[in-house]
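Report on the following structure.
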Amino acid sequence: MTSEQITNTGSVMANHGSIQTPAQTQLRQNGSSNGGPSERKRDLRWRPAMLHPASLRVLLPWLTSIIGISSALCMVIAWFPSTVWNTPIVSSDAPAHYYFIRRLLDEGLGAALHLWPHNSFYPPLFHVCAYSVIRIAALFGAQCSIYAAFNITWIIASGVIFPSGMLVLCRYFLQRWNRGNPISRISQASSTPESSSVSESSNVSNQQVSSAVNRQYNATFDATFVLQNLIGLFVPVLAVSSVCHPYGLLNAGPLIAFGFATSLLPFLIAATLRLFDAIAAREHIAKWLAIAAVAGVVCLVAHPRIAFTYALILVPFIVLRLPWKLILGAFIAMCVGAVAFVALMLTSFKSDRWANPASWFHSHQPSKNLWESISFCLTDGLDGFPAILFALLLIAGTAAAFVCASRHAAARASDSFSSAASTVVPVASADVDVDASTSDIAVSAADSPVSVSCPPPASHFNATDAASASSESSRLRRNDRLRDVIALTAAFLLVALVYVCTVTLVGALPNIISAPWYRDENRIMTMLPLVALPLLVIGINALAECVSACAASASFAPSASSFSTKNSASSVPSLSSTSAVSSVKNASFASNWIVLIAVFLVIAILAVSAQIVCPSRSAARDTIIAHSSLNQSDPNEQLTEQKIAVLRKVTERTGTQATIISDPLNGSMYAETLFNANMLYPIINARTDVPSAPFGKVETAFASGDAQQVLGTVCPLTDAPEYFLTMGDQAQSLQSFPYRAQYDSFHNEELIDTYVDGGTLVKVADYSQYGQGWALYRFGCTD
């Protein structure tokens with residue numbers, strides 16, 4: 001492996017500890033290196049190949065990933081309410097999602113582009129996945145209900161896709177944070193051919209010092225490698241520990257399509273950041289552009305509104321990591337998208353309040369005070385002790401990351417300047433080189449526990465080295481660490497701002513800021529894990545680095561002083577100089593692994609305690625169980641045992657081909673997926689402004705009181721008979737629905753009696769034993 005290969009990869013593979021200079025090779029062959037056989041036996045303890053074999057280095061990331069994702073999946077399954085496998089989730093949006101799956105089963109995948117009853121587009125990806133689950137089960141002779149397919153798709157998205165995406169995203173930032181580990185520069189210095197051309201006596205001593213310190217760095221690198229994988233082990237668990245996502249969206253609505261898009265979003269963010277890296281390096285741009293484009297299309301098919309979350313999180317990275325022309329282009333694209341969104345809203349939703357933003361979302365009420373909303377962001381929606389620990393780690397880790405990144409940037413700038421200066425300073429003899437090599441050992445907390453500068457002798461400097469130094473200096477000036485910390489912190493603050501505006505503040509500005517998410521707390525808090533977890537991960541990594549650096553610095557200073565004094569009388573150190581760095585090696589090894597164990601324990605405590613202390617998640621689960629229960633005290637709730645019995649009887653009476661019209665807020669729309677009844681528009685928010693909306697036309701005609709208009713609108717709907725079902729008043733749980741008044745005519749008893757007296761409606765079944773006024777009517781069409 002050449003020095004250029006080591007530098008370009010930014011990491012050292014399993015054989016990095018075996019890189020030897022010719023002098024070292026000769027000494028090992030002669031059996032005299034490091035003091036003979038007994039010393040060689042002790043040296044085996046420090047060989048990275050024995051600590052981390054090549055196979056282990058390849059398998060460990062995969063092993064930790066599988067364990068972490070499997071643990072996350074088990075937690076999601078353990079949380080999932082068992083009551084919704086046989087009965088639907090009774091909520092505002094649930095009937096629509098069940099209806100979309102039913103329509104795909106009835107009409108095939110061709111219906112995916114026009115799932116709404118009036119044949120307009122709704123994001124179909126989640127429903128297509130549920131449809132695929134049913135079809136795949138059928139291939140094996142198993143019958144899978146719509147509810148089971150719905151639940152399986154949600155569990156896979158929440159317990160596999162989302163934690164996997166968060167793991168990919170967090171490991172991306174970890175790789176960038178640990179890129180340019182000092183081991184690569186030491187290996188580069190010790191393996192250059194030029195470093196072996198000095199006098200044999202000075203080279204032997206220098207190589208012993210370099211080898212001893214190199215082993216010290218190998219131990220540091222191994223600890224860093226294990227730390228990255230341990231953090232990766234707990235990222236999937238922490239991703240599904242918060243009520244923010246995925247649990248909240250299953251309870252709210254459920255907001256299934258938006259939640260599915262949120263679960264996919266980490267992959268899109270990671271692909272976009274890789275694209276930014278490719279643009280900066282000017283290589284593999286087409287590859288990552290294609291990957292990001294495919295990921296973007298998938299997310300948009302899941303739910304187009306996820307683009308607002310994506311843009312909000314990516315804005316800081318666009319500003320800090322792209323050339324100014326691309327920054328300008330990105331913001332122009334965002335402005336065009338914003339204008340298109342405003343135009344869509346103005347044309348789709350008629351309102352006289354558009355010019356007065358303060359009147360938007362007039363029914364919205366703040367749910368938290370300022371401190372509660374800020375603390376919710378800092379704790380990522382966790383509860384109790386896990387919340388406090390998460391907030392402390394997030395704050396301390398962010399501060400440590402800023403300190404490490406700043407010192408790292410300063411150290412790299414200094415190294416770049418020193419490297420440039422060393423290319424023009426002549427070295428008269430090998431003695432000077434020896435002095436330089438020993439005096440260049442310095443402590444740098446920003447780079448690693450210890451940073452060693454080992455430049456090649458100037459007498460062997462050539463044009464290739466100059467180009468390499470220039471390229472390295474250019475690369476080091478990018479300050480990737482500092483830019484990542486600033487961008488992640490800015491993204492976190494932007495998400496927190498939107499959340500605070502939604503749950504605490506009122507007025508025109510908060511309405512405008514949170515409007516892309518419908519000023520809905522459930523949608524906005526899904527963004528918190530996307531920024532809080534990566535910030536926590538690099539913060540913990542920075543904390544470990546700072547602690548390890550302090551420990552190594554404390555032990556290295558006296559050892560370096562002793563080493564310098566011991567060799568001050570001679571320009572060529574003796575072989576006994578290895579003992580001068582022995583304490584450095586031992587202290588560095590111990591400090592790094594002690595820090596590793598401490599970090600492991602802290603993250604493990606956070607992940608485990610978050611599963612034990614979780615009242616928010618438990619409350620969401622209890623709410624879903626209550627919504628799916630048929631034992632309701634209010635007989636007018638959406639679904640009760642009485643309504644299930646009536647809907648079954650109605651379907652047996654009408655069959656599955658006849659059209660049934662009813663108030664969608666009384667729970668009748670669930671007959672579509674419970675018993676395969678043909679309910680006319682079984683979705684709550686019917687759009688009357690769409691000409692092809694059949695339910696809107698029927699609702700307008702029914703409210704008119706004109707029998708001829710009613711029959712003229714209803715009878716041509718299908719060739720099968722048309723029925724009208726009454727099941728009492730609208731459910732109390734849906735009273736917050738802003739358009740509920742448009743269905744009042746369907747439970748207006750006087751109007752219904754008028755149609756019965758005139759023959760427009762003919763009662764065919766009475767269900768008054770289940771509820772007052774419950775009955776099934778047939779429209780008086782001439783069949």
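Note that the coordinates shown come from a computational prediction; the quantities given were computed from them, not determined experimentally.
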Within the side chain of [X], is there an N or O that forms a donor-acceptor pair under 3.5 Å with the backbone of [Y]?
X	Y	value
S70	I67	no
S263	G259	yes
S91	A94	no
R519	P510	yes
D520	N522	yes
R523	Y518	no

To check you understand the geometry: which heavy-atom pair defines the closest contact between [X] and [Y], and what is its length?
X	Y	value
I306	C299	CG2-O, 3.8 Å
V235	C170	CG1-SG, 3.8 Å
L389	V602	CD2-O, 4.1 Å
C501	I513	SG-CD1, 3.9 Å
L393	I540	CD1-CD1, 4.4 Å
D93	P254	CB-O, 3.6 Å

Quick one: sort the [X] and [Y] rings into parallel, tilted or perpendicular, breaks at 30° and 60°.
X	Y	value
F162	H245	perpendicular
F100	W116	perpendicular
F150	H97	tilted

Please walk me through it: do T673 and Y147 pass side chain to side chain donor-acceptor pair (under 3.5 Å)?
-> CA-CA 9 Å; T673 50; Y147 306 126; 2.9 Å; yes
Atom pair [atom1]/[atom2] of [X] and [Y] - distance to nearest 0.5 Å:
X	Y	atom1	atom2	answer
L328	I318	CG	CD1	12.0 Å
L238	F390	CG	CZ	7.0 Å
T502	N511	OG1	CG	9.0 Å
L265	I161	CG	CD1	13.0 Å
F331	L322	CZ	CG	9.5 Å
I89	T623	CD1	OG1	11.5 Å

Show your working on side-chain contact (heavy atoms from CB on, under 4.5 Å) between E521 and K368 and close with a plain yes or no.
-> CA-CA 11 Å; E521 177 180 357; K368 294 182 176 71; 2.7 Å; yes
Validate the cation-pi geometry between R481 and W177: distance from NZ or CZ to the six-membered ring centre under 6.0 Å, angle to the ring axis within 45°.
-> yes
Student check: side-chain heavy atoms of [X] and [Y] closer than 4.5 Å:
X	Y	value
P316	L494	yes
W154	P246	yes
I524	M527	yes
I374	T379	no
L230	V599	no
L249	I256	no
L314	F276	yes
L125	F260	yes

Partners meeting ring-ring contact (aromatic ring centres under 6.0 Å, His included) with F308 (sequence neighbours left out) | F341
Results of ring-ring contact (aromatic ring centres under 6.0 Å, His included) for F492 - residues two or more places apart only =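 Testing F492 for ring-ring contact (aromatic ring centres under 6.0 Å, His included), a comparison that skips the adjacent residues, returns none.
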Side-chain H-bond candidate by donor/acceptor type, S618 with W79, under 3.5 Å |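 No - no donor-acceptor pair under 3.5 Å links their side chains.
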Do S158 and Y247 meet the criterion of a side-chain donor-acceptor pair at a distance under 3.5 Å?
-> no
Verify side-chain contact (heavy atoms from CB on, under 4.5 Å) between F376 and L528, making sure each step is shown before the conclusion.
-> CA-CA 9 Å; F376 187 90; L528 284 172; 3.7 Å; yes
Would you mind telling me which of L167, T64, L174 makes a side chain to side chain contact (heavy atoms under 4.5 Å, CB included) with I231?
->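 With I231 as partner, L167, T64, L174 yield a single side chain to side chain contact (heavy atoms under 4.5 Å, CB included), made by L174.
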Apply the test ring pair (Phe, Tyr, Trp, His ring centres under 6.0 Å) to residues F80 and W85: give CA-CA distance (whole Å), side-chain angles for both, the deciding distance (0.1 Å), then the verdict.
-> CA-CA 10 Å; F80 194 80; W85 288 98; 5.6 Å; yes
Step by step, would you call F121 with L115 a side-chain contact (heavy atoms from CB on, under 4.5 Å)?
-> CA-CA 6 Å; F121 176 80; L115 287 179; over 6 Å; no
Who passes side-chain contact (heavy atoms from CB on, under 4.5 Å) against E107, sequence neighbours left out?
-> R103, A111, H114
Charged N to carboxylate O below 4.0 Å: is that the case for D383 and R617?
-> no
Where do Y172 and D484 land on the side chain to side chain donor-acceptor pair (under 3.5 Å) test, with the steps shown first?
-> CA-CA 11 Å; Y172 166 81; D484 283 349; 5.6 Å; no
Working for side-chain contact (heavy atoms from CB on, under 4.5 Å), residues H627 and N251 = CA-CA 9 Å; H627 284 171; N251 178 33; 4.3 Å; yes
